[in-house]
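Read the structure below first, then the notes.
The basis for the numbers below is simple: all heavy atoms, side chains too, and nothing from hydrogens, waters or symmetry mates.
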Amino acid sequence: MDVSFLGGPQPQRGVGVVAPFDFALDRELWRWVPDEVSLHLTRTPFVPVEVSLDLARLVSEHETLHDAVQALAAVAPEVVAYACTSGSFVGGVAGERAMCAAMSQAGEIPSLTTSGALLEALREIGARRIAVVTPYTRSVTDSLEEYLAEGGMTVTGRAYLGLTRHIWKVPYRDVVDMARQAVVGATDALFISCTNLPTYDVIPQLEAELRMPVLSANQVTMWAALRAIGAQAVGPYQALLDPVARSGPAGMSVSPSGPFPVTDPVVESMLGAVEAVESVVDEPEAALAGAASPGPDGDPADGLDPGFGTGLGEGPYLDDSGGPAAG
């Protein structure tokens, strides 16, 4: 069949992405990207260090970023995004700004990071009191909380897994369980950290259940990168992407007498599905039971727990005291 009359493929705009060497969610990034935009990905060099503050510092060194951005410059993207949350918050707000400046200088291309995009997204939705979910160890989670505080945000609650490897294997059910534990008291939004943690499909469910905007690391990265070139991220019923969604569950709050009535049929369907699941699940998932052996900074790290799948299972969810979370 002769297709030459079609005139070739549609012109594409480019977004460059620098990801850590262990990044496994290329396909998730693409799900936020409209058809007229292409992603050009490169990875930082491998270093034999588990997920930790040390790794975050290693993968965010300016020399490393310089080489990665120069490689991307060959395909002339309109913007470059550093897709790593811990690597971009480990140096605080000043460190994040310095990273952006170093990347912009390396390729003469506007640049941004996941953590910088997070603060931009929180300002966009008017959120200041944030619940946080992470797969990290306690020390890395503490560093995220410090970064958010520098950015003018208050962490109202948090849950974390204590993982040092295989983060991309965490199933949605465990992200949902952590979110339910983290959201306590007066909270404006929930942030799910780590670009290696799958979140795309779980965001609408959590927004419907929790009645607040839910942001994730990959979501804010793609939202900010596309916004920088005048494009719009795509995604079903996500408050950050769709202002109309903010007047739905994301715009609702819980009154003293209980939640406001749900009138949106899509939201009602989501909540019905959640309630149906909860009616048959009376006990926490196996992933919540039993502590694993402690990691290098006192967090569960290397014990095998079949609740997380082969090779994962590094322990229960933790509260702010560092002990197993109740429930």
Side-chain angles (χ1 to χ4, degrees), residues 10 12-17 19 23-41 78-79 81-85 112-127 130-133 168 170-173 175-176 178-179 183 188-252 262 264-271 273-274:
Q10 290 288 328
Q12 291 285 292
R13 308 180 69 183
V15 169
V17 177
F23 183 71
L25 301 183
D26 302 59
R27 189 171 185 275
E28 173 156 295
L29 291 185
W30 276 99
R31 298 179 74 182
W32 277 287
V33 179
D35 290 343
E36 69 273 14
V37 176
S38 281
L39 298 182
H40 309 298
L41 280 88
E78 296 179 49
V79 67
Y82 177 55
C84 180
T85 326
L112 57 91
T113 74
T114 297
S115 295
L118 168 60
L119 293 182
E120 182 182 351
L122 291 172
R123 288 190 287 266
E124 172 72 11
I125 62 174
I130 316 302
V132 170
V133 164
W168 65 88
V170 175
Y172 282 151
R173 69 175 180 272
V175 176
V176 171
M178 281 198 297
V183 176
D188 299 327
L190 169 70
F191 174 58
I192 306 171
S193 191
C194 190
T195 55
N196 224 4
L197 187 67
T199 58
Y200 184 92
D201 295 303
V202 81
I203 291 173
Q205 174 191 331
L206 285 174
E207 289 196 340
E209 177 182 341
L210 301 175
R211 313 289 175 87
M212 65 180 60
V214 174
L215 310 182
S216 79
N218 283 329
Q219 179 205 46
V220 299
T221 304
M222 288 295 95
W223 169 81
L226 291 163
R227 189 187 203 195
I229 66 171
Q232 187 171 355
V234 296
Y237 214 87
Q238 298 178 27
L240 176 62
L241 312 185
D242 182 5
V244 175
R246 298 177 204 172
S247 64
M252 294 180 182
V262 178
D264 188 304
V266 175
V267 178
E268 188 172 12
S269 174
M270 288 179 179
L271 289 174
V274 171

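Gln232 and Leu241 get closest at one heavy-atom pair: NE2-O, 3.4 Å. Heavy-atom minimum distance, Val220 versus Leu215: CG1-CB, 4.0 Å. Contact detail for Asn218 and Glu28: the closest heavy-atom pair is ND2-OE2, 3.1 Å. Thr114 and Ala217 make their closest contact through CG2-O, 3.7 Å (heavy atoms, listed as atom of the first residue, atom of the second, distance). Looking at every heavy atom in both residues, Asp188 comes nearest to Met212 through O-CB, 3.8 Å. Scanning all heavy atoms of the two residues, the minimum distance from Leu112 to Thr221 falls at CD1-O, 4.3 Å.
A donor atom on one side chain and an acceptor atom on the other are not found under 3.5 Å apart for Tyr237 and Asp242.
Using a 4.5 Å heavy-atom cutoff, the side chains of Gln205 and Tyr172 are not in contact. The side-chain heavy atoms of Val33 and Val15, taken from C-beta on, include no pair separated by under 4.5 Å. A heavy-atom distance below 4.5 Å is found between the side chains of Leu240 and Gln219. The shortest distance between side-chain heavy atoms of Leu39 and Met222 falls below 4.5 Å. With a 4.5 Å cut-off on side-chain heavy atoms, Asn196 and Val170 do not count as touching.
Taking the centre of each ring, Tyr200 and Trp32 come in below the 6.0 Å mark.
Without hydrogens or angle criteria, Gln12 side chain to Asp35 main chain gives a donor-acceptor distance under 3.5 Å. Of the possible donor and acceptor atoms, none in the side chain of Tyr82 sits under 3.5 Å from a partner among the backbone N and O of Val17.
Screening Val202, Leu25, Ile192, Thr85 for a side-chain contact (heavy atoms from CB on, under 4.5 Å) involving Leu197 leaves a single residue, Ile192.
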